[in-house]
Amino acid sequence: MRKVRVRFAPSPTGPLHIGGVRTALYNYLFAKKHGGDMLLRIEDTDSARFVPGAEEYIVESLNWLGIHIDEGIGARNEGKHAPYRQSERKAIYRKYVDKLLDGGLAYIAFDTPIELEAKRNEISNFQYDASTRGMMTNSLTLSAEDVANKIKCGEQYVVRVKIEPNQEIEIQDLIRGEVIVNSTVLDDKVLFKSSDELPTYHLANVVDDYLMEISHVIRGEEWLPSAPLHVLLYRYFGWTEVMPEFAHLPLLLKPDGNGKLSKRDGDRLGFPVFPLNWKDPKTGETSSGYREAGYFPEAVVNFLSLLGWNSGTEQEIFSMQELIEQFSLERVSKSGAKFDYEKGKWFNHKYIQSKSDLEIANLFQIILIEKGIKEHIEKVTKIVSLIKERVNFVTELWNQSSFFFVAPTEYDSKTIQKRWKAETPTQLIELVEVLKAVSDFAPEITEEIVKEWIAAKEYNLGGIMNAFRLSVVGEPKGPHMFDIIAIIGKDETIERIERAINTIKI
RNA sequence: GGUCCAUUCGUCUAUCGGUUAGGACGCCAGGUUUUCAUCCUGGAAAGAGGGGUUCGACUCCCCUAUGGACUACCA
């Protein structure tokens, strides 16, 4: 069996879409599972759609996710098939275009976009193919002399593949099985354009996959309709023996309604569709990314891996290593997967729980510093240990714990109504006295003493504790009271109770 | 319109001819908790429709319906 070599081949027309991320991930998992190589090739044959920064964004995204590139753009050593940017491979493609031209497998066409557009309006369902190429302006209808003249005069042209009608083309897809298409429905696709001397996707893709010795082409389902053309090109070039195997992945669909997941869905439904934040260099608009939204890359990888694939077991949490071990194209599903953002959150929740308090505390401290709060990591770690299980994201930690760092200035009015009785202030004054007498604020100690006092006075436990919480936290939320006061300390606790007594009026 | 692909709980999915159709997210209820959350337990929830094949079909075949992709000198 030949060495597994897969490629991820995005075009740098903007930020990498989450669907593209999954394609990259599946390629990576497949390659690593089989001890193969993962290549990153940039398909920038459309000079008009090139977006600066997009390539760097792609590399950074893959890095963040832990998808390591063995060869090509972003790899430590680029590799022996350099360059890996198609715009830098012009000379290579020209050679193969000529080969097709010489073999009569392609031809030169001079029809302008305007003329083509007119034809489409004139003939419904117009297709540039065997049935129509005879009435167009091309090297099949023009004399060799005319063609040479036109080119000499600088007239722009394209090279089109010449497709013979009525041939059955079969594609062996690793996910879908055998797909058969009749060549009559294919059109004479443009392979090369003289205007920028660059091939189109189809030619460049096939030539590069051949030259780069790609063994498996794993890409989105949107490519399935053009797969027959690619197979045909392998035949035309005489490369069928080394033609890669194909696997067309199901699409990622909108969470609601129908259709492919798009950037607009993210904006509309409020979740990221990109791995990293992206600032559009033209509009200046920023699109949010998973990294900045507070996701761990492991969670994104885990989440994405299960959108269209499953291990066949009931395991839900997978490390990258486990994914590599268990991944197989046979277990990739055939139908599109609706993107369920809620499940994505759950994955992050699982991952945040599995990390150490110290690790989370280090991340949280960055947020605290932004808030102007300086606190020892030991204390932050303790706080994290109390509130970690309540959150899905590191970014939610502040909301759940701000009262540890900043005393409440306002008190939740609903809770006042419910928990602040006429006798509460006098009881809290007593509580202050009780606490003042405690020297060690360890939770077990304060809890015992306070509860003893409540029992002795025959007060209502809930009544006292809820008012106590309102005074210290300001809201009816948070971990155990005695854990809270152990962290904020005796002086601060007493101060807060006194402030509440003086502030809350009923 | 044409070509191709697909179709199991709301969602992601298991099932590869014989199961009370399983799990997870979400939802609902109960429990735990001095609060909120977490957590635990339980519950509701599915084979698009119609024909075949078969002793027996979610599973195989056909038709219909529905959804999707593609249909550029974009990838």
Side-chain angles (χ1 to χ4, degrees), chain A residues 9-13 43-46 48-49 86 109 111-113 116-117 120 124-125 127-128 156-160 171 173 175-176 179-182 184-187 189-196 198-202 204-205 219-228 248 250-251 253 255-260 303 306-317 331 333-347 349 353 387-391 396 400 412 415 418-419 447 451 454 460-470 473 475-482:
Chain A
S11 54
T13 53
E43 309 225 326
D44 54 349
T45 50
D46 185 1
R49 290 210 309 161
Q86 291 185 330
D111 317 275
T112 65
L116 254 15
E117 186 55 35
R120 287 190 194 101
S124 64
N125 295 326
Q127 180 168 286
Y128 210 122
Q156 298 298 351
Y157 64 91
V158 297
V159 175
R160 285 180 182 272
I171 302 130
D173 187 282
I175 294 168
R176 282 150 221 284
V179 178
I180 299 170
V181 177
N182 191 294
T184 306
V185 304
L186 265 30
D187 64 333
K189 274 269 178 305
V190 170
L191 259 22
F192 180 87
K193 43 215 166 26
S194 68
S195 57
D196 57 6
L198 245 23
T200 60
Y201 170 84
H202 305 287
N205 192 265
R219 70 220 314 192
E221 193 186 341
E222 68 268 27
W223 293 110
L224 193 52
S226 49
H248 290 92
L251 264 15
L253 272 18
D256 59 343
N258 308 314
K260 213 159 74 157
F303 173 43
L306 259 19
L307 244 31
W309 171 86
N310 74 86
S311 68
T313 68
E314 282 177 1
Q315 185 176 350
E316 297 266 352
I317 303 296
R331 293 205 66 87
S333 46
K334 295 181 175 70
S335 51
K338 283 191 181 175
F339 191 80
D340 182 8
Y341 186 65
E342 287 303 318
K343 191 140 187 182
K345 288 200 236 174
W346 176 78
F347 276 108
H349 176 79
Q353 304 319 317
I387 56 170
K388 188 177 75 170
E389 65 183 14
R390 322 163 78 87
V391 301
E396 290 171 352
Q400 294 293 330
D412 183 64
T415 314
K418 200 172 160 194
R419 309 288 194 189
E447 175 159 15
K451 281 189 171 169
I454 291 170
N460 174 278
L461 179 74
I464 300 287
M465 293 308 296
N466 284 306
F468 186 16
R469 177 177 297 278
L470 183 63
V473 177
E475 289 175 77
K477 69 171 192 187
H480 286 284
M481 274 314 294
F482 300 102

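For clarity, every value in this text was computed on a predicted model and none was experimentally measured. Letters A, B, ... mirror the listed sequences (proteins, then strands); counts begin at 1.
- Heavy-atom distances to RNA chain B give each of A:Thr200 and A:Val185 a nearest nucleotide, and the one nearer the 5′ end belongs to A:Val185.
- Rounded to the nearest Å, the gap between the C1' atom of B:U15 and that of B:A21 is 8 Å.
- The side chain of A:Arg120 approaches B:A72 more closely than any other nucleotide in the set B:A72, B:C39, B:U33.
- Going from the P atom of B:G26 to that of B:C39 covers 8 Å, rounded to whole Å.
- Spacing between atom CD1 of A:Ile317 and atom P of B:G23 amounts to 17 Å, rounded to whole angstrom units.
- Closest to the side chain of A:Arg49, out of B:G68, B:U35, B:A75, is B:A75.
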* To do: Could you check A:Lys343 against A:Glu316 for side-chain contact (heavy atoms from CB on, under 4.5 Å), going step by step and ending with a plain yes or no?
  => CA-CA 11 Å; A:Lys343 191 140 187 182; A:Glu316 297 266 352; 3.6 Å; yes

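- In this structure, the CD atom of A:Glu389 is 8 Å from the P atom of B:C39, given to the nearest Å.
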Distances for protein N/O vs nucleotides 58-64 of chain B N/O pairs under 3.5 angstrom?
none

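- Here, B:U7 and B:G49 have their C1' atoms 12 Å apart, quoted to the whole Å.
- A distance of about 16 Å separates the C1' atoms of B:A48 and B:U59, rounded to the whole Å.
- No hydrogens or angles were tested; on distance alone, nothing pairs the side chain of A:Arg176 with the base of B:C5 as donor and acceptor under 3.5 Å.
- Distances shorter than 4.0 Å separate some side-chain N or O of A:Arg160 from OP1 or OP2 on B:C73.
- Within 4.0 Å of A:Lys388, counting heavy atoms only, lies no atom of the nucleic acid at all.
- The separation of B:A14 from B:G2, taken at their C1' atoms, amounts to 36 Å, rounded to a whole angstrom.
- The side chain of A:Lys334 sits closest to B:A6 out of B:C73, B:A75, B:A6.
- The gap from the P atom of B:U11 to that of B:A57 amounts to 27 Å, rounded to the nearest Å.
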Could you list the protein-to-nucleotides 11-14 of chain B atom pairs, N/O on both sides, closer than 3.5 Å?
{"unit_1": "B:C12", "atom_1": "OP1", "unit_2": "A:Lys338", "atom_2": "N", "d": "2.9"}
{"unit_1": "B:C12", "atom_1": "O2'", "unit_2": "A:Leu306", "atom_2": "O", "d": "2.9"}
{"unit_1": "B:U13", "atom_1": "OP1", "unit_2": "A:Gly308", "atom_2": "N", "d": "3.0"}
{"unit_1": "B:U13", "atom_1": "OP1", "unit_2": "A:Ser333", "atom_2": "OG", "d": "3.1"}
{"unit_1": "B:U13", "atom_1": "O3'", "unit_2": "A:Asn310", "atom_2": "ND2", "d": "2.9"}
{"unit_1": "B:A14", "atom_1": "OP1", "unit_2": "A:Asn310", "atom_2": "ND2", "d": "3.0"}
{"unit_1": "B:A14", "atom_1": "O3'", "unit_2": "A:Arg331", "atom_2": "NH2", "d": "3.4"}

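- The same atom, C1', is picked in B:G52 and in B:U3; the two are 27 Å apart, to the nearest Å.
- Atom-to-atom, CG of A:Asp187 to C1' of B:U3 comes out at 11 Å; the value is rounded to the nearest Å.
- Remark: A:Thr200 pairs with A:Val190, A:Lys193, A:His202 by the side chain to side chain contact (heavy atoms under 4.5 Å, CB included) rule, at least two apart or across chains.
- Taking only side-chain nitrogens and oxygens, A:Thr45 comes nearer than 4.0 Å to OP1 or OP2 of B:A75.
- The same atom, P, is picked in B:C28 and in B:U71; the two are 43 Å apart, to the nearest Å.
- Screening A:Thr415, A:Asn466, A:Leu470 against A:Pro476 for a side chain to side chain contact (heavy atoms under 4.5 Å, CB included) leaves a single residue, A:Thr415.
- Aromatic rings from A:Phe303 and A:Tyr341 are positioned such that their centres are separated by 6.0 Å or more.
- When each of B:U35, B:A69, B:G1 is scored by its nearest atom to the side-chain atoms of A:Lys477, the top-ranked nucleotide is B:U35.
- What separates CD1 of A:Ile180 from C1' of B:C4 is a distance of 12 Å, to the nearest Å.
- Residue-level contact check: A:Asp111 touches the bases, meaning some heavy atom is under 4.0 Å from a base atom.
- Checked against B:U34, B:U35, B:C74, the side chain of A:Met465 finds its nearest nucleotide in B:U34.
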